Protein chains: 2
Amino acid sequence: MKAVDFTGEVVKILDQSALPHKEEWLELKSTQEVADAIRQMKVRGAPAIGVAAAYALALSKDPQKDAEILKSARPTAVDLSHAVDFMTDMLRNGMVGFQAAAKWEGMNDKKCKEIARHGASLIKGKATLLTHCNTGAIATASVGTALGAIVEAKNQGKGITVYVDETRPRLQGALTAWELEEAGVEHTVICDSAAGSLMMRGAIDMVMVGADRIAANGDAANKIGTYPLSVLAKEHGIPFHVLAPLSSFDSSMENGEGIEIEARDPKEVLEIDGRMMYPKGTKALNPAFDVTPAGNITAWINENGVFRSIDELWKSTKDPSSFSGQLTGCYLR
Amino acid sequence: MKAVDFTGEVVKILDQSALPHKEEWLELKSTQEVADAIRQMKVRGAPAIGVAAAYALALSKDPQKDAEILKSARPTAVDLSHAVDFMTDMLRNGMVGFQAAAKWEGMNDKKCKEIARHGASLIKGKATLLTHCNTGAIATASVGTALGAIVEAKNQGKGITVYVDETRPRLQGALTAWELEEAGVEHTVICDSAAGSLMMRGAIDMVMVGADRIAANGDAANKIGTYPLSVLAKEHGIPFHVLAPLSSFDSSMENGEGIEIEARDPKEVLEIDGRMMYPKGTKALNPAFDVTPAGNITAWINENGVFRSIDELWKSTKDPSSFSGQLTGCYLR
């Protein structure tokens with residue numbers, strides 16, 4: 001299940017705002033329509049947004065103007081900028097639009113598949129995994145990262161069971177559950193706060209999560225709630241794996257302290273399905289991400305392999321300076 | 001703010017199912033009406049239920065029959081049984097109904113106030129606390145336990161700020177926020193999974209929670225999500241205090257392994273405000289409680305004082321065998 005498709009005439013987008021209730025495909029005919037879908041979070045997940053934008057530019061009659069319209073649709077999505085810049089370069093060099101977009105999608109797809117393959121190699125036979133947020137196909141326009149590895153392991157015939165953190169406040173666990181259902185992977189949803197007691201009871205063999213940005217020392221920023229899982233995993237001797245493309249590794253950032261944490265709208269916490277659950281005037285703090293220190297991470301997995309030390313990872317990378325958050329791990333904000 | 005009141009002719013109950021949207025008082029004229037309100041969770045929290053039941057029996061013309069009706073309204077609420085048994089004994093010994101009920105309420109009130117006073121003594125001057133679930137006045141028909149201590153500290157003029165865990169899946173954090181608003185205590189709601197990053201940033205000075213049952217070795221069962229907080233507090237060197245009446249200490253249970261964890265309806269996780277958020281057929285696990293090992297607890301606070309060792313606590317107790325879960329700490333199930 002990909003979130004984005006291209007017919008040659010329209011960009012098809014799986015409307016994530018309708019999931020998991022309805023599987024609806026939108027057919028978008030212009031850059032403006034794609035930009036609107038991005039803004040309204042009908043297509044979500046940095047890589048999926050990037051691929052949608054690339055195909056939008058393939059349809060464009062004025063790529064230079066449309067590039068700006070797309071970039072401004074989700075200004076914080078680094079991937080979107082990377083995809084648009086890639087397209088602008090390719091078009092300037094005379095490449096046909098849809099070929100350039102397909103090239104971008106192909107590069108993205110290849111990286112995700114490599115990550116999934118390396119990640120799956122960590123799962124030996126029967127295993128119960130825990131994951132947080134959504135790092136799957138619908139967010140990546142490919143197989144996903146952490147969720148990609150889990151599904152790949154299942155496809156290899158391994159006996160996989162997954163506990164899915166609901167991931168408050170935005171409940172990306174619902175998308176993960178939907179993807180696991182589609183992939184035929186046995187899964188059970190839990191409240192984020194229930195993971196600890198499951199670990200205590202020995203019910204979790206491994207944690208696999210994505211990352212939005214990984215500092216030079218290996219500290220990893222990911223969806224809020226990832227850090228507590230890492231502390232609990234350490235407490236119980238459970239492997240804690242972070243899966244993300246090399247483009248999420250930021251060699252220019254010394255450690256996690258430099259990673260700015262986005263504070264989102266308190267309403268996401270205080271309102272449930274649009275209904276205010278708290279007394280009027282109640283304050284809430286809604287940090288979107290937290291930072292897991294490198295010391296809590298068992299291995300980092302990217303398209304080049306599995307790395308149990310961050311130094312080893314950097315040594316395997318030819319040009320680390322070129323990587324600055326192009327793809328993100330927990331793609332759904 | 002008490003959840004239960006008595007006029008001599010009716011039992012008045014603050015309808016907790018309407019909070020925090022509306023402050024509605026129900027006037028209940030019979031045992032059956034009180035039993036219905038308990039069953040529908042309009043009055044919640046074991047001590048509050050116990051006090052309501054005591055007053056219901058004070059109105060009863062057939063206390064023996066009505067005792068059974070009340071007990072069956074919430075069969076797992078140990079406090080309800082204790083209150084009903086107390087009333088039956090007192091009435092058999094010729095005490096006037098409403099006097100017996102007032103005696104029960106007074107005993108309950110005194111215990112909570114002592115716990116709050118001892119708990120507040122742990123807070124020195126300015127402090128930012130974290131609490132989980134609701135352990136306040138509306139659940140206890142008195143000042144509460146952990147929340148009672150926090151409000152008491154504020155009333156003593158200490159500069160108190162509270163982070164309130166929303167406490168998925170039932171969002172008892174909304175009731176806690178409502179009580180803190182009423183008490184004029186500065187507070188901010190967070191998703192349960194955000195507590196870890198706040199601790200990492202040094203934003204939390206102390207954790208105060210209740211307990212439903214505490215084993216002989218000090219292991220404490222409380223609302224799901226308490227155990228992860230204890231592990232995070234340990235990781236960051238933050239004091240982790242458990243406040244509960246002696247009646248929650250169960251000397252007959254060797255350790256926390258013996259405490260049965262109630263699995264509640266998966267719908268509480270999967271449905272949000274009555275709306276299914278997951279694909280049809282999605283499974284969820286909804287454990288209501290978890291167990292915090294004694295080693296993660298800095299101090300146990302009950303009506304007799306603050307105890308930094310569980311042995312010390314048992315030594316202070318004249319007849320430990322008489323305590324078996326009469327009151328509970330995180331009262332809202």
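Chain A is the first sequence line, chain B the second, and so forth, proteins listed ahead of strands; every chain is numbered from 1. In this text, all values refer to a predicted model and were calculated from it rather than measured experimentally.
Using a 4.5 Å cut-off between heavy atoms, A/Leu19 does not touch chain B at all. Residue A/Asn286: no heavy atom, backbone or side chain, is found under 4.5 Å from chain B. Contact of A/Leu198 with chain B is made through the side chain alone, with heavy-atom distances under 4.5 Å. Only the side chain of A/Lys234 comes within contact range of chain B, with at least one heavy atom under 4.5 Å from a heavy atom of that chain. The contact between A/Tyr227 and chain B is made entirely by side chain atoms (from C-beta outward), counting heavy-atom distances below 4.5 Å. Proximity to chain B (any heavy atom under 4.5 Å) is shown, for A/Pro169, by both the backbone and the side chain. In this structure, no portion of A/Glu257 lies under 4.5 Å from any heavy atom of chain B. Both the backbone and the side chain of A/Arg168 come within less than 4.5 Å of a heavy atom in chain B. Only the side chain of B/Leu270 comes within less than 4.5 Å of a heavy atom in chain A; its backbone stays farther off.
Checked against salt bridge (charged side-chain N to carboxylate O under 4.0 Å, His left out), A/Lys158 has no partners two or more places apart in sequence or in another chain.
Shown are B/Val162, B/Leu129, B/Asn155; of these, the side chain to side chain contact (heavy atoms under 4.5 Å, CB included) with B/Val185 is made only by B/Val162. Each of B/Thr135, B/Ile138, B/Leu180 was compared with B/Leu175 under the side chain to side chain contact (heavy atoms under 4.5 Å, CB included) criterion, and only B/Ile138 meets it. For the side chain to side chain contact (heavy atoms under 4.5 Å, CB included) with B/Thr161, the lone residue among B/Thr128, B/Ile150, B/Ile204 that qualifies is B/Thr128.
Contact count versus chain B (heavy atoms, under 4.5 Å) is highest, among A/Asp290, A/Ile224, A/Thr292, A/Thr282, for A/Ile224. Ranked by heavy-atom pairs shorter than 4.5 Å toward chain A, the options B/Lys280, B/Glu181, B/Glu166 are led by B/Glu166. Heavy-atom pairs under 4.5 Å with chain B were tallied for A/Asp192, A/Leu285, A/Ile190; the largest tally goes to A/Leu285. Top candidate by heavy-atom pairs under 4.5 Å with chain B, chosen from A/Val164, A/Val269, A/Thr226, A/Ile261, is A/Val269. Counting heavy-atom pairs closer than 4.5 Å to chain A, the top residue among B/Cys191, B/Pro287, B/Ala195, B/Ser197 is B/Cys191. Considering only heavy-atom pairs separated by less than 4.5 Å from chain B, the leading option among A/Met276, A/His187, A/Glu186, A/Glu235 is A/Glu235. Taking chain B as the reference chain and counting heavy-atom pairs below 4.5 Å, the highest number among A/Gly196, A/Gly281, A/Pro266 is found for A/Gly196. Ranking B/Leu171, B/Leu229, B/Asp165 against chain A, the residue ahead of the rest is B/Leu171, based on heavy-atom pairs under 4.5 Å. Of the listed residues (B/Ser193, B/Pro228, B/Ala194, B/Ala177), the greatest number of heavy-atom pairs within a distance under 4.5 Å of chain A belongs to B/Ser193.
A salt bridge links A/Glu262 and A/Arg264; the closest N-O separation between the charged side-chain nitrogens and carboxylate oxygens is under 4.0 Å.
For the residue pair A/Ser17 / A/Asp15, a side-chain donor-acceptor distance below 3.5 Å is found, with atom types taken as modelled. Side-chain contact annotation: B/Asn217 with B/Glu254, donor-acceptor N/O pair under 3.5 Å absent.
For the pair B/Tyr278 and A/Trp178, the minimum side-chain heavy-atom distance is 4.5 Å or more.
When every heavy atom of B/Gly256 is checked against every heavy atom of B/Asp219, the shortest pair comes out as N-OD2, 2.8 Å.
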Problem set entry | side-chain contact (heavy atoms from CB on, under 4.5 Å) evaluation trace for B/Leu26 with B/Leu14 | CA-CA 6 Å; B/Leu26 306 175; B/Leu14 177 62; over 6 Å; no
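Remark: side-chain polar atoms of A/Trp300 are paired, donor with acceptor, to backbone N or O of A/Gly218 under 3.5 angstrom.
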